[in-house]
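A short write-up of the structure that comes next.
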Amino acid sequence: MSLGAVDLPYFSENGFRRAQCSATGLWFWSRDVARKTCGDSQEDEYTFIGNPLISGFPETGSALKDKMRETFLNFFEQQDHTRVEPYSILARWRDDIHLTIASIAVFQPHVTSGTVPPPANPLTISQPCIRLTDVDAVGASGRHLTTFEMMAHHVFNRPKDGEVYYWMNECVEFCDHLFVDALGIDANEITYVENPWSGGGNAGAAVEVIVGGLELATLVFMNLQEDEDGGVEIKGIKYSEMDLQIIDTGYGLERFCWAAAGTPTIYEAIYPESVSWLKELTGFSQILESTNINLDELLGQMSRLLGIMNIEIGSDESSLRKVLIARLAERGVEIDEQTLLSVSQPLSRIYAIPDHMHALCNMLGDGLVPSNAKAGYLARMLIRRVLRMRDELGLQVSICELAEHHLEFNYDESRMKQTRAGFLQILQLEEERYSVMLRKGENVVKGMLKSLPIDAVEIPDEILFTLNDTHGMAPALVIGIAKSSGWSEVSLRGGFTAELAQRHASQAKQAAKSTAKGRVLPQLPTTKKLYYDDVWMTNHNAEVLHCSQEGDDWIVVLNQTCLYPEGGGQAFDLGTIDGIEVKDVQIENDIIIHTITSKVSGNVEVELDISRRRQLMDHHTAVHIVGGAARTLLGPHVYQAGANKNTDSARLDITHHSRLSRDDLNEIEKLSNQVLQQTQTTEKMELPRAQADKEFGFDLYQGGAPKGGDVRILKIGEHDVQACGGTHHDEPAKIGSIRIIRSSAVQDGVERLTIVAGAAALEHSRRQAELLSEASEVFGIDENDLPRTASRFFEEWKTQRKRIESLEAEVTRLKTEGGSDSATEVDGIRYVFLEVDGDNKQMVAMVGELTRDSDKPTVAVIGSREGGGKLLVAITENSIASQKHDANAILKAISHHIQGGGGGRPTFAQGGGSKPDGIEAALEQARQDLLN
RNA sequence: GGGCGCUUAGCUCAGUUGGAAGAGUGCUUCGUUUGCAACGAAGAUGCCGGGGGUUCAAAUCCCCCAGCGUCCA
């Protein structure tokens with residue numbers, strides 16, 4: 001069976017009627033019995049433009065958003081929902097997405113799978129989200145945004161446990177009351193469209209709530225999970241009911257604001273100050289004056305049209321424009337393509353900039369560092385889009401000025417974790433990077449265009465693809481540069497942008513996925529982890545639950561163990577089981593697997609290699625302290641991007657926007673050691689997820705997304721708090737000292753710190769001292785003089801090498817000047833046959849001397865026994881000698897004597913071989929050939 | 001995580017099919033002119049990112065590594 005009709009008592013009790021949309025075929029509920037369409041179809045255009053749907057909201061911009069948000073949250077608080085503060089826009093509790101894309105995303109995967117209880121139930125939230133899939137449409141469509149707030153009320157029911165708050169009927173009732181009673185929306189305008197939802201292995205009934213042609217909310221009732229034997233089928237996949245029933249709703253805050261403001265586009269409703277400021281800076285009114293059009297009328301009609309045209313991103317822009325012009329004409333707005341473009345292009349940029357700036361405030365405000373990979377790339381992409389649009393608009397403002405304006409009017413700075421100064425610094429750095437890229441890119445463009453005829457009308461696709469992908473030069477930018485560099489006829493081929501997107505999409509598809517290897521073990525109970533009870537426990541007894549051969553080794557599972565398995569970047573412990581050496585310790589599904597060299601059974605004794613453990617703990621705790629110190633000193637954007645703790649050293653990767661100097665490292669090292677001394681004890685605790693999130697925030701999850709319902713937390717005074725499953729010191733002072741050896745770049749936006757602590761720090765210092773004394777012994781000087789002496793020696797070595805070269809040249813000159821006995825003159829041409837000592841470079845200098853003088857036409861053949869034998873034939877250029885002889889031919893004829901080959905130009909050929917003794921014969925043959 | 005590109009003088013970059021490492025700018029000295037980002041002459045400055053391979057011969061071709069850049073997920 002499939003999902004049936006969403007037939008709710010609320011609908012029948014309130015005069016709703018179910019009908020099938022004449023345009024989309026979807027079933028919908030409406031109080032308006034005459035309604036033929038569902039509201040979200042090509043037949044339904046926006047009715048609220050110039051005619052607000054929601055009354056009582058005269059504000060615009062952030063005041064409107066604040067009031068609307070508060071109205072929503074208040075409404076649900078009154079209905080016994082608990083208000084939950086928004087989560088971070090960076091989805092740090094998840095490893096499958098970078099950004100929070102919906103309010104439900106903050107509860108995935110653990111709350112929605114049932115392993116972690118929700119922070120409140122039922123709850124209401126207004127969650128900032130970012131979606132970049134439609135980034136190209138932002139500004140152009142009149143309604144698309146990259147960042148928005150998803151207002152929601154969520155319910156997590158467990159019917160089997162008798163825990164049910166409410167389900168579909170009450171949910172729709174709440175929604176309807178909100179719309180009609182709280183917001184004053186005309187009840188007849190509201191339609192509830194049945195449209196089952198599925199994704200990510202779950203599914204359920206859903207209704208879309210449409211008002212005035214605009215989808216204002218989606219109510220999803222998720223109660224199904226993928227199951228081959230399930231009785232419900234949606235889109236060809238079978239599902240069965242799950243224990244947890246979840247109501248996932250989404251109400252678009254900005255859309256509510258638009259519907260309340262009735263402005264021609266959504267951007268005027270939410271970013272009015274930015275839009276008018278940018279219009280002023282652009283001189284938009286002058287653009288408009290020359291066109292003689294009614295802007296609000298045009299924009300309103302465009303929004304209505306674009307709202308119903310259902311445009312696929314990537315579709316051909318110019319043909320789309322033609323359709324739009326025709327449709328506008330039907331509505332009495334006469335406009336030609338040129339005029340439309342001259343108005344719509346700058347406008348779409350003016351609209352997109354505040355949207356992008358808002359997304360950047362959200363992303364960078366949460367501590368994201370722009371980069372060329374992962375989430376950081378998304379920020380960089382937005383920054384570059386803003387910069388590009390700014391340049392296309394001809395605006396003389398920096399991105400920092402744009403940001404400051406945005407902060408002033410549109411953004412509550414107190415929501416930012418990043419400091420204002422840090423935020424602006426990052427933007428400034430990015431702007432500098434962008435201009436470097438542009439400057440270099442311009443050279444590359446000109447270089448690649450060289451071979452293109454000056455009257456070309458198109459630039460070959462391959463060039464455009466390459467410029468875009470490897471140099472970041474967008475096609476439009478390339479065209480601009482080409483035009484201003486003399487190729488005045490070129491233009492961008494229609495549909496090229498779509499093809500570029502297509503090409504990237506297929507590249508992404510080809511990227512293969514790797515699968516993790518896993519052992520197949522019989523069902524075993526989870527191993528008791530004794531290392532959490534006492535990190536200093538060195539031996540204990542245990543029961544062998546499983547022992548099987550794997551290659552030459554045996555893998556053993558015990559009921560309990562004090563050996564820490566590899567995880568959280570910490571290397572595994574070593575030790576013995578019944579005296580047999582442990583080679584490896586891993587954890588899979590909470591079962592700890594030891595690898596040893598022979599079989600064990602029954603009751604065994606486990607012993608830990610405590611010195612290794614101690615070193616690993618030194619390093620692990622040190623990594624936390626250094627991470628905290630880096631954050632204190634560099635800024636809140638510092639986040640652990642990875643870590644590794646071994647016995648000889650540890651490394652910590654942190655997000656940061658600039659390279660670190662030795663001075664930075666010294667500061668971090670200094671603070672780390674202070675913390676070491678000042679913090680008496682570390683606190684270790686195990687908390688439920690919800691409580692941990694609430695108490696400490698998401699910076700907890702620097703080591704990666706949390707895996708289960710409870711999280712182990714390590715708190716080092718007020719210095720650092722992290723969720724961490726590793727083993728740690730109770731007293732940080734036991735580490736002794738921390739040294740930061742070096743920093744290196746792992747990836748753009750990520751710095752790697754190499755750290756030594758405890759005994760490893762001592763060993764490192766000892767080794768350094770040893771190297772210093774060895775080096776100073778070579779020079780026979782004091783260690784303190786080493787840098788100065790080394791650089792003096794290096795300088796001297798360089799000047800002496802120069803001196804040798806010039807002396808060699810002098811020797812060559814002396815050897816070749818004057819009547820050498822190996823020279824013979826025939827018919828005005830001097831022939832020189834000479835065997836010399838010296839390498840290739842010296843020989844080249846020699847023949848240079850011999851053949852330079854055009855008054856003495858010369859054919860020089862010289863050979864050397866070095867390196868398997870070298871032969872060189874040179875002829876004075878533009879002389880009777882070069883007319884008569886070919887150096888290449890001469891060389892070819894004689895090189896067989898040294899079992900080699902060679903080649904070159906007609907006046908200069910060189911070759912070599914593997915038989916030095918053949919030099920004499922080669923020279924003799926040349927003499928015979930040339931003189932007889 | 002994947003694709004592509006780059007790394008040569010202090011700086012910005014050329015360097016064709018493998019065959020003698022270049023230009024501009026800056027620097028030093030001298031001269032001319034002292035309103036010019038002035039002009040003339042001479043000169044110094046290179047482990048051609050690192051390591052391996054192919055070859056008689058590698059800045060150049062192949063492989064590995066590193067750093068940088070860029071596009072995409």
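Every value quoted in this text rests on a predicted model; they were computed, and no experiment measured them. Throughout, a chain's letter reflects where its sequence line sits, starting with A, and its residues are numbered from 1.
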Between A:Met473 and A:Glu442, the two heavy atoms sitting closest are CE-N, 4.0 Å
Q: Please measure how far the P atom in B:G26 lies from the corresponding atom in B:U12, and state the result in whole Å.
A: 15 Å
Stems in RNA chain B, runs of 3 or more consecutive Watson-Crick or G-U wobble pairs with both distances under 3.5 Å, sorted by first number, are B:1-7 with B:66-72, B:10-13 with B:22-25, B:27-31 with B:39-43, B:49-53 with B:61-65
Here the distance between atom P of B:G19 and atom NZ of A:Lys892, to the nearest Å, is 14 Å
note: A:Asp886, atom CG; B:G19, atom P; distance rounded to Å ~ 17 Å
What integer number of Å spans the C1' atoms of B:G49 and B:G67? 8 Å
Polar atom pairs (N or O), protein with nucleotides 52-58 of chain B, under 3.5 Å:
from: B:C56; atom 1: O4'; to: A:Gly912; atom 2: O; distance (Å): 3.1
from: B:C56; atom 1: O2'; to: A:Lys870; atom 2: NZ; distance (Å): 3.3
from: B:C56; atom 1: O2; to: A:Gly912; atom 2: N; distance (Å): 3.0

Produce the list of close N/O pairs, under 3.5 Å, pairing protein atoms with atoms of nucleotides 62-71 of chain B; give distances to one decimal.
from: B:G67; atom 1: OP1; to: A:Ala745; atom 2: O; distance (Å): 2.7
from: B:G69; atom 1: N2; to: A:Thr470; atom 2: O; distance (Å): 3.3
from: B:U70; atom 1: OP1; to: A:Arg384; atom 2: NH1; distance (Å): 2.6
from: B:U70; atom 1: OP1; to: A:Arg384; atom 2: NH2; distance (Å): 2.5
from: B:U70; atom 1: OP2; to: A:Arg380; atom 2: NH1; distance (Å): 3.3
from: B:U70; atom 1: O4'; to: A:Thr470; atom 2: O; distance (Å): 3.4
from: B:U70; atom 1: O2'; to: A:Asn468; atom 2: O; distance (Å): 3.4
from: B:U70; atom 1: O2'; to: A:Asp469; atom 2: O; distance (Å): 2.6
from: B:U70; atom 1: O2'; to: A:Gly472; atom 2: N; distance (Å): 3.1
from: B:U70; atom 1: O2; to: A:Asp469; atom 2: O; distance (Å): 3.3
from: B:U70; atom 1: O4; to: A:Asn372; atom 2: ND2; distance (Å): 3.4
from: B:C71; atom 1: O4'; to: A:Asp469; atom 2: O; distance (Å): 3.1
from: B:C71; atom 1: O2'; to: A:Asp469; atom 2: OD1; distance (Å): 3.2
from: B:C71; atom 1: O2'; to: A:His504; atom 2: NE2; distance (Å): 3.0
from: B:C71; atom 1: N4; to: A:Asn372; atom 2: O; distance (Å): 3.1

* **Other residues, nucleotides, ligands: >12 heavy atoms within 6.0 Å of A:Glu920 CD** => no
A:Leu378 CG to B:G1 C1', in whole Å, measures 13 Å
**Request:** Would you mind reporting whether A:Ile130 and A:Met363 have side-chain heavy atoms less than 4.5 Å apart?
**Result:** yes
Heavy atoms of A:Ala102 and A:Gln127 approach each other most closely as O-CG, 4.5 Å
State whether the number of non-hydrogen atoms from other residues, nucleotides or ligands found under 6.0 Å of A:Glu924 atom CD is greater than 12. yes
Original post:
Parallel, tilted or perpendicular for A:Tyr831 and A:His885, by the 30°/60° rule?
Top reply: perpendicular
* **C1' gap between B:A23 and B:C63, integer Å** => 33 Å
By nearest-heavy-atom nucleotide on RNA chain B, the more 5' of A:Thr466 and A:Lys374 is A:Thr466
The side chain to side chain donor-acceptor pair (under 3.5 Å) partners of A:Ser371 (sequence neighbours excluded) come to A:Gln747
Sequence neighbours excluded, the answer for side chain to side chain donor-acceptor pair (under 3.5 Å) partners of A:Asn666 is A:Arg662
By nearest-heavy-atom nucleotide on RNA chain B, the more 5' of A:His98 and A:Asn443 is A:Asn443
| task | Determine the interatomic distance between P on B:A14 and the same-named atom on B:G52; round to the nearest Å. | result | 28 Å
- prompt: How far, in whole Å, is B:G18 from B:U33 if one measures between their C1' atoms?
  reply: 49 Å
Note: A:Ala482 and A:Leu449 closest approach over all heavy atoms is CB-CD1, 3.7 Å
inquiry  = Roughly how many Å apart are B:A59 and B:A20, using the P atom of each and rounding to a whole number?
reply    = 11 Å
Worksheet item: Are any of the side-chain heavy atoms of A:Arg92 and A:Tyr639 separated by less than 4.5 Å?
Response: yes
So, do A:His637 and A:Leu368 sit near enough that their side-chain heavy atoms are less than 4.5 Å apart?
no
Just the atom pairs and distances: protein N or O near nucleotides 21-26 of chain B's N or O, under 3.5 Å.
none

Measure from the side-chain N and O atoms of A:Glu431 to the backbone N and O of A:Ile399, and report whether any donor-acceptor pair falls under 3.5 Å. yes
Separation of B:C4 atom C1' from A:Glu462 atom CD, nearest Å, is 11 Å
Discussion item. Against the six-membered ring of A:Phe148, is A:Arg131 placed for a cation-pi contact (under 6.0 Å from the centre, within 45° of the normal)?
Written reply: no
Note to self: Classify A:Lys440 by what it touches in the nucleic acid, base, sugar-phosphate, or nothing, heavy-atom distance under 4.0 Å.
What the structure shows: sugar-phosphate
Pairwise side-chain contact, A:Thr466 with A:Met448, heavy-atom cut-off 4.5 Å (strictly under): yes
P atom, B:G24 versus B:C39: distance in rounded Å? 13 Å
### Pairwise side-chain contact, A:Leu923 with A:Arg927, heavy-atom cut-off 4.5 Å (strictly under)
no
Spacing of the C1' atoms in B:G50 and B:U7 (rounded, Å): 11 Å
